[in-house]
There are 2 protein chains.
Amino acid sequence: MHSPDIPDIVIHRLPLYLRTLTILEEQGQAITSSHELGAHLDISPAQIRKDLSYFGEFGKQGMGYEVGFLISQLKRILHLSHAWDVVLVGIGDLGRALASHSGLKRWHFRIVALFDKDPQVIGQSLGPLTVGDVADLHAVVSSRGIKLAIIAVPAEEAQGVADTLIEAGVRAILNYAPTPVNVPENVRLHSIDPVASLQSMAYYLNEE
Amino acid sequence: MHSPDIPDIVIHRLPLYLRTLTILEEQGQAITSSHELGAHLDISPAQIRKDLSYFGEFGKQGMGYEVGFLISQLKRILHLSHAWDVVLVGIGDLGRALASHSGLKRWHFRIVALFDKDPQVIGQSLGPLTVGDVADLHAVVSSRGIKLAIIAVPAEEAQGVADTLIEAGVRAILNYAPTPVNVPENVRLHSIDPVASLQSMAYYLNEE
DNA sequence: TAGATTGTTAATCGATTAACAATC
DNA sequence: TAGATTGTTAATCGATTAACAATC
């Protein structure tokens, strides 16, 4: 399918290349170079060329990269050629903000099911969707074959929700709960943790 | 002040240690070990000991680490002994969710000022705060000496807002706008980008 | 052709891990 | 004391960068 030996950090940079290329394309630019991409992203040209070389040859010597072609190749590599269904668990303030996040739709991540455990929240409508009872999470995820999930529940519930999702067939989780979540190694996990980010940034601030 | 040669990736792990230690303390545990911390976080014990050794000696051979002591030391190292004022720019759905984020208060990051450019939003109240006009951003940030900012504006406005913040004295920015933001090297920047995260996770999912 | 830029190799740089003496 | 665990060194591992032949 795909080489399992490509470093994860390389995979993480591909979406950045894709986004910059998309902006260039919207601006009507047909050709770019590793140097130009690197300048936008603060990444060295050599690294960009090396990253791309894991997947093939996409440029022409002396000339650079054709923007539209490289976009199509990156979408193919990242499996972004079709839309992905996503389940969202935890409909608090953050969950609601994510449910209406236009950037997800724009990039063909469709939130197709919402769940919460609070009886006050279950049954509420958000746009076209109705919040389901987390008790039904396993059944819905497995019957619909959903592979991607976003967790926005309190820390205490995150591990349990993750376990249910994985058992139901989810293969990748975006976790907003401020807690470590353990997953088997065949499941991808990204945690988004603004408090941890602020805490590490505080290190670099002088005390007053 | 502090050694500038400590790897950034080490600094990023310290908040994870701090959070796990805090959970252990809440559970009434007085002593822990690099092995136990590592098991919670999926980090090797050797790495935890090495990370801590950049800052001093905090454990006892044969015994481990005193939880409360290590917490206090990590807070000191990360400059978390006092509260930090934070300015939040961009009061959309995500901005509102962040404004009411209890985890920030819990960790003594106080959002003390809100800004937006939309006349419909300016003047609205969120809890104790009123949304200000982004035109006043520079004046408020510089007069209050705010060093930390969260950006939750649309992509097109992120760079301009960042430039204003930095000019007004902000030294670290948590960026939720889905766009690369360039900052001088004496300013810290963390970008939170759920779409990029989902895109890189999609790589690991088989197409169907 | 001359200039530019790719793809790739080898060198460098940096982070992680294994191992163990010190010692509680 | 015996067992356990730290702090640290050296070895290993992996990622980034520099350099350049190939060639558009």
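In what follows, every chain begins at residue 1, and chains take the letters A, B, ... in the order their sequences are listed.
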Between [atom2] on [N] and [atom1] on [X], what's the gap in Å once rounded to a whole number?
| X | N | atom1 | atom2 | answer |
| --- | --- | --- | --- | --- |
| Gln47(A) | dA10(C) | CD | P | 20 Å |
| Leu70(A) | dT5(C) | CG | P | 16 Å |
| Leu52(B) | dT5(D) | CG | C1' | 13 Å |
| Phe58(B) | dC24(C) | CZ | P | 17 Å |
| Tyr54(B) | dG14(C) | OH | C1' | 9 Å |
| Ile31(B) | dT6(D) | CD1 | C1' | 13 Å |
| Lys60(B) | dA4(D) | NZ | C1' | 15 Å |
| His35(A) | dA18(D) | NE2 | P | 14 Å |

Strictly below 4.0 Å: does [X] bring a side-chain N or O up to OP1 or OP2 of [N]?
| X | N | answer |
| --- | --- | --- |
| Ser44(A) | dT17(D) | yes |
| Tyr65(A) | dC24(D) | no |
| Arg49(A) | dT6(C) | yes |

Cation over ring, Lys105(A) on Phe109(A), under 6.0 Å and within 45°?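 Relative to the ring axis of Phe109(A), which defines the angle, Lys105(A) lies outside at least one limit.
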Given dT8(C), dT6(D), dG7(D), identify the nucleotide with an atom nearest to the side chain of Ser34(B).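 Among the listed nucleotides, the one closest to the side chain of Ser34(B) is dT6(D).
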Of the listed nucleotides (dT16(D), dT8(C), dT23(C)), which one gets closest to any side-chain atom of Gln61(B)?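 Selected nucleotide: dT23(C).
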Mind running a 4.0 Å heavy-atom check of residues 8-29 of chain A against DNA chain C and sending the residues that fall below it, in number order?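 Those residues whose heavy atoms fall under 4.0 Å from DNA chain C, taken from residues 8-29 of chain A, amount to none.
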Arg171(A) backbone acceptor or donor facing Arg188(A) side chain under 3.5 Å: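 Here the side-chain-to-backbone pair does not exist.
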Checking the side chain of Thr20(B) only, and the main-chain atoms of Tyr17(B) only, is there a donor and an acceptor separated by less than 3.5 Å?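 Side chain of Thr20(B) to backbone of Tyr17(B), a donor-acceptor pair under 3.5 Å: no, none is there.
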Looking only at side-chain N and O atoms, does Tyr204(B) offer a donor or acceptor that is under 3.5 Å from a partner on Asn186(A)?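 The criterion, which ignores hydrogens and geometry beyond distance, is not satisfied for Tyr204(B) and Asn186(A).
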If only side-chain N and O atoms count, and only distance matters, is there a donor-acceptor pair under 3.5 Å linking Asp163(A) with Gln159(A)?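 A pair is found: one side chain offers a donor N or O, the other an acceptor, under 3.5 Å apart.
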What is the pairing partner of dT23(C), taking Watson-Crick or G-U wobble pairs with both distances under 3.5 Å in any strand?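 Result: dA4(D).
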Need the pair for dT17(C). Rule: Watson-Crick or G-U wobble, both distances under 3.5 Å, any strand; none if unpaired.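 Pair assignment: dT17(C) / dA10(D).
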If each of Met63(A) and Lys50(A) is mapped to the nucleotide of DNA chain C with the nearest heavy atom, which maps nearer the 5' terminus, i.e. the 5' end?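 Result: Met63(A).
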Residue His138(B) excluded, over 12 heavy atoms near NE2 under 6.0 Å: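 Counting other residues, nucleotides and ligands, NE2 of His138(B) exceeds 12 neighbours.
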Let me check something: any side-chain donor-acceptor pairs from residues 59-71 of chain A under 3.5 Å, sequence neighbours excluded? List them with distances.
unit_1, atom_1, unit_2, atom_2, d
Glu66(A), OE1, Phe69(A), N, 3.4
Glu66(A), OE2, Gly68(A), N, 3.3

